[in-house]
Amino acid sequence: MRELPRTAVDHALHAGARYADARAVVRRSQTVATRNREPDTLADGETEGLGVRVLVGGAWGFACDPRLSPAGAEAAARRAVEFARASAAHGGESLDLVPVAPAHGEYATPPGDDPVDVPLDDKLALCLEAEEGLVRPGIAVTSAFVRALRETRSFASSEGADTLQTLWECGAGIDALARGDDGRIQSRSYPSAHGGSSAQAGWEHVVSLGLAAEAPRIAEEALALLDADPCPAGVTTLVLDSEQTGLQLHESVGHPVELDRIFGTEAAYAGTSWVGADAAGSLRYGSELMNVVADPTTPSGLGTFGWDDEGVAARRETIVEAGVLRGFLSSRESAARLGAGSGGSMRADGWSRMPLVRMTNLHLEPGQGSLEELLADVDDGILMATNKSWSIDDKRLNFQFGTEVAWEIKRGRRTRLLRDATYTGRTPAFWASLDAVAGPDEWRLHGLTNCGKGQPGQHAHVSHGASPTRFRGVQVGPSS
Amino acid sequence: MREAPEALALAERARAAASGDEVDVLVQAERSGFARYANSIVHQPTLVEDSTVTVRVVRDGRVGSVSTNRTTDEGLREAAERAGRAADLARPDPGFPGLAEPEPTPDVDAWDEETAALGPEGLAERAWTAIDGAGELGLYGYVTAGLTEIAVSSSTGLAVSQALTDATVVALAAGEGLSGYANATSGAIGGLDPGATAREAAEVAARTRGAGELEAGTYRAVLSPVAFGELVWYFGWSSLGALSLLEGRSHVAGRIGEQLFSERFTLRDDGLDPDGLPKAFDFEGVPKQPVTLVEEGVARDVVWDRRTGKRAGRESTGHALAPPSQAYGPLPFNLVVTPGNATEDELAQLVGDGIYVTRLHYVNVVDGREGVFTGMTRDGTFLIEGGRVTRPLSNLRFSTSFPELAATLLGLGREVRLVNASDFYDERYPYGTRVPAVATERFTITGTGSGPGL
């Protein structure tokens with residue numbers, strides 16, 4: 001496996017490429033899920049193959065082959081060059097890559113209990129134990145799941161890069177659906193909806209989530225939501241828990257600062273950006289409390305690696321400093337076009353997709369104080385927690401988010417429970433209204449596995465660290 | 001019907017390597033290409049080739065499932081052994097319905113030789129044809145064509161396979177302050193005219209310059225087939241599968257037999273529809289059955305797989321997903337809305353004063369039980385004044401009830417379009433909705449977003 005990317009690169013150069021890189025990937029993934037205390041999913045998958053990316057003239061080409069063999073490497077390289085040559089036949093822009101020193105070395109997720117090797121029965125037992133805590137009258141559907149992944153990536157480029165990386169991931173979550181006599185339903189999840197929370201860590205991460213211990217609270221909240229009042233409509237002070245703050249960061253900061261979006265290459269599907277390529281250093285993105293970093297060195301982050309899929313070494317970069325935009329997420333190509341930066345955010349989903357500019361780990365730096373101290377300074381407002389729905393426009397300006405649960409805040413204290421809460425806004429005005437970020441003790445890392453982008457589609461696994469946040473003058477309301 | 005003998009042979013090799021009370025094997029094979037373009041340059045051309053084999057072993061009521069793309073004898077043997085070990089370690093699964101028995105397979109034609117043979121040069125050529133069609137505007141999107149093979153082999157004697165082809169062109173024609181969108185999908189590359197699709201997008205774009213804003217409120221609206229097709233897909237995904245029905249998450253749960261929508265609204269799922277992207281069987285090898293979901297506004301049924309069928313005492317309608325997605329329950333992949341008899345101009349006349357929507361963006365389910373979806377309009381939103389499409393509008397945030405929208409239909413278009421519903425994540429599986437444009441009394445706008453253009 002280690003030699004195959006080099007073999008593919010050599011074939012690509014021989015076929016006429018002026019630049020080539022290749023990744024050989026072996027991925028093992030498992031999902032164990034239970035539903036209503038019965039086995040639901042016991043999936044154990046492996047996939048392997050090799051993807052080759054080439055530059056012929058000013059045109060890219062990408063092809064892949066599932067055979068991890070010299071023949072597969074040659075076939076993928078030949079087809080990638082063929083496609084690049086056909087794509088360039090009608091012209092193309094000149095295309096440069098920002099120079100980087102060729103990467104050499106190995107990287108692995110720090111040691112822990114390999115989550116893939118944990119016996120299936122232990123995973124099933126953990127799910128069933130967690131589900132037991134959810135069971136009570138009125139809860140119509142209970143579910144629990146764990147996931148584990150181990151991926152090995154070998155990379156080589158025509159510039160001499162040669163790296164080997166082994167990454168582990170695991171995660172878990174529980175969900176409860178409460179149903180009233182009249183057919184109304186409410187759901188609660190832990191640690192988040194849409195796939196729980198994952199980390200690049202050993203099995204100890206799953207154990208540390210404490211699913212069984214949290215289950216009774218989740219079930220009780222789902223039941224209580226059935227009788228809760230809907231979130232009132234109005235403009236008010238909004239406090240977000242750290243998970244929803246992380247998703248807000250993802251959608252309204254992470255995606256808009258991807259340079260490929262800014263340059264229009266994702267316009268047809270994911271969209272473009274309200275941020276201009278010349279905005280670094282001058283654009284006020286939010287209030288002075290807003291400090292955002294992209295950090296692929298974060299321990300346990302799903303976007304943590306030694307090198308990205310162009311062989312650029314991981315490094316922490318400032319994106320927003322005291323509310324002012326400072327940097328972008330970039331590739332070697334987009335950094336060269338901008339004339340600044342050096343890439344470092346190119347990631348591909350497995351072996352059969354071309355790398356794209358993706359988030360790594362994007363964090364809102366902590367402020368000070370606790371969640372309770374944030375609430376103490378709210379005379380009248382809403383606290384929202386655990387994302388339920390999300391949507392944002394193609395330039396990442398107008399957004400609407402819904403959460404599973406909310407509480408009214410009166411005179412500094414959390415009061416009645418509210419259901420079906422949503423809030424909406426426009427990105428710069430919203431972040432300008434940020435007037436408090438809780439401190440390091442409240443800062444949590446949340447790992448998402450469902451960030452979609454690209455055509456054909458690719459899923460990226462990313463993490464966001466955030467503390468609870470407070471925003472003034474936000475439009476909130478019920479979902480329907 | 002074009003079968004897939006190589007995929008079936010692969011499935012049977014894997015099955016022969018496995019042992020259990022029951023064994024079935026699913027093979028999903030793909031050979032596809034994307035000529036993706038942006039700013040009128042082909043910039044991410046991608047060729048994909050893969051075969052995934054999923055082995056399911058049943059021992060003493062315990063089920064183990066393993067997938068691999070290692071199709072050597074060694075790879076298949078290891079996957080089969082792992083599936084057996086997984087079954088041994090699993091717990092009894094009382095909801096498991098057993099494996100499907102052989103049944104006659106419907107004869108559908110989903111194969112096109114030219115599409116299956118299309119190589120990189122042919123894809124790139126069509127991409128450049130699209131780019132030329134956009135004229136002065138930049139073009140963004142892709143031309144894709146692919147071959148998908150599905151095969152299921154089971155210890156019950158089931159042995160079915162099918163080869164499918166599909167092709168799609170997506171065209172966003174855009175510049176500073178203007179953008180328009182069009183797409184087209186067919187089972188055959190020859191059924192597409194990339195240049196014409198790009199011209200259609202450019203013509204929409206030309207009318208979007210100088211977009212104005214619109215106050216929040218509930219408006220009458222005309223939704224293009226692309227826009228309506230996406231809402232229909234989301235409604236099908238969230239409400240028209242048996243699992244969401246049985247768990248009470250579906251809008252139609254407890255409401256089957258009730259008049260929930262306009263009498264003008266009839267919705268079927270028809271995997272055998274020759275004008276769609278037809279399929280003979282699902283991922284369990286069960287033959288596809290047409291299902292009437294909504295008949296003249298009355299909720300009639302949802303789609304079923306074997307597990308949900310067992311739970312409810314129903315037969316599968318042939319709508320199982322591939323593992324591990326089976327946890328989502330069965331889904332309708334071939335939704336068809338019965339057309340009306342209006343032209344789009346006549347739909348605008350029915351609306352009188354309202355909005356025209358070309359395309360939606362980032363749709364998400366806000367409340368599945370109530371069928372409330374949010375998202376944005378983009379790349380061609382217009383005001384309708386006095387029964388005519390007039391001025392361009394900025395992109396609008398909608399947060400609207402699909403049941404309410406479909407209960408207040410003013411009319412449906414006479415032209416039905418096949419709208420691709422796949423974003424081509426994971427293994428390729430062609431699917432889409434066949435829908436007309438519609439006019440509705442109620443489409444709720446809750447805000448304004450960015451303007452058209454890049």
Side-chain angles (χ1 to χ4, degrees), chain A residues 31 33 38-49 59-66 79 82-84 86-87 89-90 92-93 119-121 124 140-141 177 179 183 185 264-265 267-268 272 274 352 354 389-395 397-398 400 402 420 424 452 455-457 459 479-480, chain B residues 34 36 38-39 41-50 64-70 82 86 89-91 93-95 120-121 124 128 140-142 170 172 174 247-249 254 323-324 327 361-362 364-367 369-370 372 374-376 378 395 397 399 401 423-425 447 449-450 454:
Chain A
T31 302
E38 291 183 5
D40 189 48
T41 301
L42 294 102
D44 186 343
E46 62 179 3
T47 182
E48 64 182 34
W60 288 108
F62 176 86
C64 57
D65 198 290
R79 295 170 71 228
E82 186 183 356
F83 210 175
S87 301
H90 293 255
E93 296 174 333
L120 192 64
D121 200 40
L124 201 52
V141 182
L177 181 86
R179 188 165 65 220
I185 58 172
T265 52
T272 57
W274 68 280
S352 64
M354 200 166 181
S389 67
W390 67 102
S391 176
I392 188 164
D393 78 14
D394 58 310
K395 293 189 179 67
L397 269 175
N398 178 302
Q400 176 180 306
D420 303 332
T424 187
Q455 294 168 313
H459 296 289
S479 61
S480 57
Chain B
F34 277 78
R36 193 182 193 206
N39 197 24
I41 298 294
V42 179
H43 78 119
Q44 285 178 9
T46 297
L47 298 172
V48 178
E49 193 165 334
D50 196 16
S65 177
V66 163
S67 67
T68 184
N69 73 337
R70 295 167 59 216
R82 276 177 37 221
L89 285 170
R91 304 191 179 189
D93 180 359
E121 287 189 4
W128 285 106
Y140 305 78
Y142 60 83
V170 164
L172 168 70
E247 294 184 344
R249 293 180 284 111
H361 174 83
Y362 219 138
N364 209 323
V365 178
V366 177
D367 185 336
R369 175 64 174 150
E370 298 306 320
V372 176
T374 190
M376 298 296 299
R378 65 177 283 196
N395 302 329
R397 171 157 299 285
S399 192
S401 156
D423 292 318
F424 301 101
Y425 288 90
S450 52
L454 299 172

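Proteins come first, then strands; the chains are lettered A, B, ... in the order of their sequence lines, and each starts at number 1.
- Contact count against chain A (heavy-atom pairs under 4.5 Å) is highest for Arg378(B) among Arg369(B), Glu121(B), Arg378(B), Arg249(B).
- The choice from Trp390(A), Trp60(A), Trp274(A) that makes the most heavy-atom pairs within less than 4.5 Å of chain B is Trp390(A).
- Nearest heavy-atom pair, Ala86(A) versus Pro120(B), reported as atom, atom and distance to 0.1 Å: CB-O, 4.0 Å.
- With a threshold of 4.5 angstrom between heavy atoms, Glu38(A) approaches chain B through side-chain atoms but not through N, CA, C or O.
- Contact tally against chain A (heavy-atom pairs below 4.5 Å) for Val42(B), Leu172(B), Asn364(B), Val170(B): the top residue is Asn364(B).
- In this structure, CD1 on Ile41(B) lies 4.5 Å from CH2 on Trp128(B), to the nearest 0.5 angstrom.
- Using a 4.5 Å cut-off between heavy atoms, Thr68(B) touches chain A through backbone and side chain atoms alike.
- No side-chain donor-acceptor contact under 3.5 Å links Asn395(B) and Asp393(A).
- Side-chain contact check for Thr47(A) versus Asp50(B): some heavy-atom pair is nearer than 4.5 Å.
- No other option in Pro323(B), Ser399(B), Ser401(B) has as many heavy-atom pairs under 4.5 Å with chain A as Ser399(B).
- A distance of 7.5 Å separates CG of Asp44(A) from OG of Ser67(B), quoted to the nearest 0.5 Å.
- Considering only heavy atoms from C-beta on, Met376(B) stays 4.5 Å or farther from Ser450(B) through its side chain.
- Here the CG-CG distance, from Asp394(A) to Leu454(B), works out to 9.5 Å after rounding to the nearest 0.5 Å.
- Heavy atoms closer than 4.5 Å to chain A are found in the side chain of Arg36(B), but not in its backbone.
- No donor-acceptor pair closer than 3.5 Å links the side chain of Arg70(B) to the backbone N or O of Glu46(A).
- Side-chain contact between Val48(B) and Phe424(B) is absent, with no heavy atoms from C-beta onward closer than 4.5 Å.
- Listed options Gly447(B), Pro324(B), Gly375(B), Pro94(B) were ranked by heavy-atom pairs under 4.5 angstrom with chain A; first place goes to Pro94(B).
- Here the side chain of Arg397(B) pairs a donor or acceptor atom with the backbone of Asn398(A) at under 3.5 angstrom.
- For the set Ala33(A), Ser479(A), Ala84(A), Pro456(A), the count of heavy-atom pairs under 4.5 angstrom toward chain B peaks at Pro456(A).
- Contacts between Leu47(B) and chain A at a heavy-atom distance below 4.5 Å involve backbone atoms as well as side-chain atoms.
- For Thr265(A), the parts sitting under 4.5 Å from any heavy atom of chain B are the backbone and the side chain alike.
- Heavy-atom pairs under 4.5 Å with chain A peak, among Val66(B), Leu89(B), Asp367(B), Asp423(B), at Asp423(B).
- Interface remark: Arg82(B) contributes side-chain atoms only to the contact with chain A (heavy atom separation under 4.5 Å).
- Counting heavy-atom pairs closer than 4.5 Å to chain B, the top-ranked of the candidates Asp40(A), Leu397(A), Thr272(A), Val141(A) is Val141(A).
- Taking Ser352(A), Ala140(A), Gly402(A), Gly183(A) one by one and counting their heavy-atom pairs under 4.5 Å with chain B, the maximum is reached by Gly183(A).
- When the candidates Ala43(A), Cys64(A), Gly61(A) are compared by the number of heavy-atom contacts under 4.5 Å with chain B, Cys64(A) comes out ahead.
- Put simply, CG on Asp121(A) and CG on Leu42(A) are 10.0 Å apart, with the number rounded to the nearest 0.5 Å.
- Heavy-atom pairs under 4.5 Å with chain A were tallied for Gln44(B), Glu370(B), His43(B), Glu247(B); the largest tally goes to Glu247(B).
- Phe34(B) touches chain A through backbone and side chain together, each having a heavy atom under 4.5 Å away.
- The main-chain N or O of Glu48(A) is found under 3.5 Å from a side-chain atom of Asn69(B) such that the two form a donor-acceptor pair.
- For a residue to count as touching a neighbouring chain, one of its non-hydrogen atoms must lie under 4.5 Å from one of that chain's; by this rule Val372(B) touches chain A with the side chain only.
- Using a 4.5 Å cut-off between heavy atoms, Thr41(A) touches chain B through its side chain atoms alone.
- Between chain B and the options Gln455(A), Met354(A), Arg179(A), Glu82(A), the largest number of non-hydrogen pairs under 4.5 Å is found for Gln455(A).
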